[in-house]
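For reference, the structure is listed below as C-alpha cells.
What you see is a predicted model; the values in this text were computed from it and never measured. Proteins come first, then strands; the chains are lettered A, B, ... in the order of their sequence lines, and each starts at number 1.
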Number of protein chains: 2
Amino acid sequence: MTTGADGRGLAGFAALLADPTRAGFCLALLDGRAWTAGELARAAGVAASTASDHLTRLVAGGLLVEERQGRHRYVRLADPGVAQLVEDLAARAPAPATPPRTLRAASAGAALAYARTCYDHLAGRLGVLLYDALLDRGVLDRSGGLALTGNGVTWLAGLGVPVEPLRATRRPLVRDCLDWTERRPHLAGAVGAALCGRFLDLGWTTRGTGRAVRLTPSGRDALAEALALDPALLAPPASRDSGPARA
Amino acid sequence: MTTGADGRGLAGFAALLADPTRAGFCLALLDGRAWTAGELARAAGVAASTASDHLTRLVAGGLLVEERQGRHRYVRLADPGVAQLVEDLAARAPAPATPPRTLRAASAGAALAYARTCYDHLAGRLGVLLYDALLDRGVLDRSGGLALTGNGVTWLAGLGVPVEPLRATRRPLVRDCLDWTERRPHLAGAVGAALCGRFLDLGWTTRGTGRAVRLTPSGRDALAEALALDPALLAPPASRDSGPARA
DNA sequence: GGCACCGTTCGGCGCGGCCCGAACCGTGCC
DNA sequence: GGCACGGTTCGGGCCGCGCCGAACGGTGCC
C-alpha cells in the first residue's frame, strides 16, 4: 500500500490510448474535424460494432465528445488539451518503421510534409516557415518563454485577427508544438489556431485530402507580403502533387 | 488499411502507462529522485520479479533511464518532458475516488496540498502563491504567453540564480503547470526547477516525506521579503502537521 | 409503408497481459 | 569463505480485453 495516490487513475486513462484502434481514432481526429463512427471504423479496418464500443469508452473517458445528428454519431476530440496530449504522446512514440510503399503514399506523404493541420493549427514545412518568420518579424519573442509581443497584437489585427477574444479562453495564446517532420517547433495555442482558421477564411489556404493543406497562388503572395518574405520561399517542393492526381 | 500513420506506435507507448503498477512507478518517480527497483516494488505492493519486468519495459520505452550502482538498480524519469507528460495525463485522469481513510493519510494529504515537488519544481498552495507573487512583482508576464521579463532576470540573479546557463537547455525557461490540488497554474520549466533547487540549497525549504516540502521559519521570512509579501501568508494551514508526529 | 443504412447490444472466442514463486547470479558485508 | 540481500530469469496460471458476427432498433429516403 502506498501513502499517496496510486496509479489506477492514470493507468485507466492511459489505457484508453493503449489500444491501436483507439489510438488510430485519436490520430485521425487530430485533423480537428468531427468524424462519424462508420468513417472511423472503415479507416481503422474494424467492424462497426468494435468501433462503437471503442467510441463509447473514449467518450466516457473524456477524450472525445459526441454529437448525434439523425442516425449519425459524430465524434471529435474533446478540447485542444486532448489534441496536445495526443500529439505529445505520439511524438515520443517510436515510429513503426513503415516506409511509404506506393507512389500514391509517397506523394501524400510529401504533401503532408509540406503543409498540414496539427489539430487546429498549421504544421509542416510551411508551419515552421511561418513560425520562423513571426520570430524574425517580432510578432513572437522567445527571449524568455514563447510570447506574443505588442507588435504582434497589431500585426494580427491587421490580418483581421483580434487578440482580445482569444485571451478570454483558458488556452495559452501562443505555444510551441514540435513538428514531427521538421523536428522543429511550429506555432500552436489560441493564436496558432486563429491564424490557421483565418488563412482558410481568406482563401489563402484550402484543405486537401486528410490533414493536408494547400497554399493557393494568391495566398502565397499575400502571405509572403504579410511576412515580408520572398514568395518563392513559400512554394511547395514539387508542383505536381499539389492537386488531386486523377482518382 | 489507413493511408497515413496507424496507431500502433502511439498505442504501444501509451500501454507503458496503462498498467496500474507501472503508472504508480512513474507517479512515485515524479519526485525527481532516483529510486531502486526494490523500493518501487515495495511501494507498489508487487513482487520484485514483477517490478523488474516492468522497469525493463519502461526503460526500453524511453520513459525511464537506469543507473547501476553495485547491486542496486536506480531508475529515474528520463527527462523533464516525461515528467510533464505524466503530469498532464494524471491531471486528466479521474481521481480514483478514494477519500483519505486514516488520520495519518489526511495529515499527509494536507502537507502535500500545502507544498510539494512536482517532478523538480514547486507545487501546492505554496507553489501557486509563488507563481502569483512572481506575476505581481513583474518577474513573470503573461500578457502574451508566459514569459520571463528582463526585470525577472535581475531578480533571479539577486537570488543567486543566473539565467544564462538555463537558456542553453532545450527546456522552456518558464512554463505553466496545472496544479492538481489548487486547479490553478504554478511555475514549471527551467526557471521553476532552478528556483526549487535554490530554495533547498539556501535552506529555505527542506524535503519532507515523499514529495512533501516544508518551508523553514527562516525560509518563510526570507521568501516573504524576496517577494514583498506578508510572511503570514506563506505559513502552512495548521502548525501541527509540519513536523513528524510521533511514529 | 418499405427499404437501405447507421449504429448498438449481446455472446463467445482467443490472445496477450500481469502476476507470482522458485531458482539463480552477482554484490557487499562479516 | 559464508551469508544476506538485491535483482533477474523462467515457467505457469489466470483474468481481462479486443475482436467478430448476428440480431435488433432508429433514422431517413423513396
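- Separating the NE2 atom of B:His72 from the P atom of D:dA4 is a distance of 17 Å, rounded to the nearest angstrom.
- Residue B:Glu66 contributes atom CD, which lies 11 Å from atom P of D:dG7 at whole-angstrom precision.
- Stretches of at least 3 consecutive Watson-Crick or G-U wobble pairs, with each checked distance under 3.5 Å, appear in DNA chain C as C:1-30 with D:1-30.
- The existence of a salt bridge linking B:Glu87 and B:Arg211 is confirmed by a sub-4.0 Å separation between a basic side-chain nitrogen and an acidic carboxylate oxygen.
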Give the table of side-chain donor-acceptor pairs shorter than 3.5 Å for residues 10-17 of chain A, with sequence neighbours excluded, one pair per line with atom names and distance.
none

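- For the side chain to side chain donor-acceptor pair (under 3.5 Å) test, no residue two or more places apart in sequence or in another chain qualifies with A:Trp204.
- Remark: P of C:dC19 and CG of B:Leu40 are 14 Å apart, rounded to the nearest angstrom.
- Here the closest non-hydrogen pair linking A:Ala41 and A:Ala48 is CB-CA, 4.2 Å.
- Salt-bridge check for A:Asp120 with A:Arg171: passed, with a basic side-chain N closer than 4.0 Å to an acidic carboxylate O.
- The shortest heavy-atom contact between A:His186 and A:Val128 is CB-N, 4.2 Å.
- The line from CZ of A:Arg184 to CZ of A:Arg125 is 11.0 Å long, rounded to the nearest 0.5 Å.
- Partners of B:Arg116 according to the side chain to side chain donor-acceptor pair (under 3.5 Å) rule, which considers only residues two or more places apart in sequence or in another chain, are B:Asp179, B:Thr181.
- Heavy atoms of A:Thr36 sit under 4.0 angstrom from primed sugar atoms or phosphate atoms, though from no base atom.
- The separation between A:Glu39 atom CD and C:dG7 atom P is 8 Å, rounded to whole Å.
- The nearest pair of heavy atoms linking A:Ala43 to A:Trp35 is CB-CZ3, 4.3 Å.
- Taking a cutoff of 4.0 Å between a charged side-chain nitrogen and a carboxylate oxygen, B:Asp79 and A:Arg92 qualify as a salt bridge.
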(request) Would you check, one step at a time, whether the test side chain to side chain contact (heavy atoms under 4.5 Å, CB included) holds for B:Leu30 with B:Leu27? (result) CA-CA 5 Å; B:Leu30 269 185; B:Leu27 289 177; 4.0 Å; yes

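- For A:Arg73 and D:dG25, the CZ to P distance is 19 Å, given to the nearest whole Å.
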(message) How would you summarise protein contacts on nucleotides 10-20 of chain D per nucleotide, using B for base, S for sugar-phosphate only and - for none, with heavy-atom distances below 4.0 Å?
(response) --------SSB

Detail all sub-3.5 Å separations between protein N/O atoms and N/O atoms belonging to nucleotides 26-30 of chain C.
{"unit_1": "C:dT27", "atom_1": "O2", "unit_2": "B:Arg71", "atom_2": "NH1", "d": "3.0"}

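- Note: CG (B:Leu55) to P (D:dT9) measures 12 Å, nearest angstrom.
- Put simply, CZ on B:Arg42 is 15 Å from P on C:dC20, counting in whole angstrom units.
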